[in-house]
Amino acid sequence: MKTNTLSKEAETRLIDFFNHIIDPEDMAKILRQVNCILALAVMRQHDTLQIGLSNFEDNYYWLNELAEILNPYLSEE
């Protein structure tokens, strides 16, 4: 897995975004909803998902990971 560090500017912009624009829990909820809608749309559009399947799976995974970072919903008991 590749790890990148954010620049100070990017870090500051993210902090400002979540402190002033949207609550992290709300953003996590939105990400989960969008992820589900996109997955359903792709599955309904294609009987077989051979083309771009791994890319789709990666994107689905990373959106869920971002949602978990913002609000660890899946790790709660």
Side-chain angles (χ1 to χ4, degrees):
M1 184 169 121
K2 184 178 174 182
T3 57
N4 293 327
T5 56
L6 294 174
S7 68
K8 286 295 179 185
E9 179 187 353
E11 223 175 284
T12 302
R13 292 175 72 189
L14 281 171
I15 290 168
D16 288 346
F17 180 80
F18 287 115
N19 284 338
H20 302 291
I21 297 174
I22 191 166
D23 180 60
E25 289 182 9
D26 290 338
M27 182 64 161
K29 182 179 177 182
I30 291 166
L31 284 171
R32 287 185 181 100
Q33 289 172 342
V34 168
N35 217 13
C36 181
I37 291 167
L38 289 173
L40 288 172
V42 168
M43 286 187 284
R44 287 181 180 153
Q45 185 179 13
H46 302 285
D47 292 334
T48 58
L49 297 173
Q50 299 307 315
I51 299 172
L53 180 62
S54 63
N55 189 30
F56 173 76
E57 289 173 346
D58 288 345
N59 294 340
Y60 188 83
Y61 172 82
W62 288 115
L63 275 178
N64 276 336
E65 283 295 304
L66 179 56
E68 280 299 296
I69 290 167
L70 297 172
N71 178 21
Y73 173 78
L74 297 175
S75 62
E76 292 179 358
E77 294 183 22

With sequence neighbours excluded, what pairs up with Leu31 under the side chain to side chain contact (heavy atoms under 4.5 Å, CB included) test? Met27, Leu63, Leu66, Ala67, Leu70

Please tabulate, one pair per line, all N/O donor-acceptor pairs under 3.5 Å involving side-chain atoms of residues 6-23, not counting sequence neighbours.
unit_1	atom_1	unit_2	atom_2	d
Ser7	OG	Ala10	N	3.1
Thr12	OG1	Lys8	O	2.8
Asn19	ND2	Ile15	O	3.2
Asp23	OD2	Glu25	N	3.3

Sequence neighbours left out, what passes side chain to side chain contact (heavy atoms under 4.5 Å, CB included) with Glu65? Give chain and number order. Tyr61, Trp62

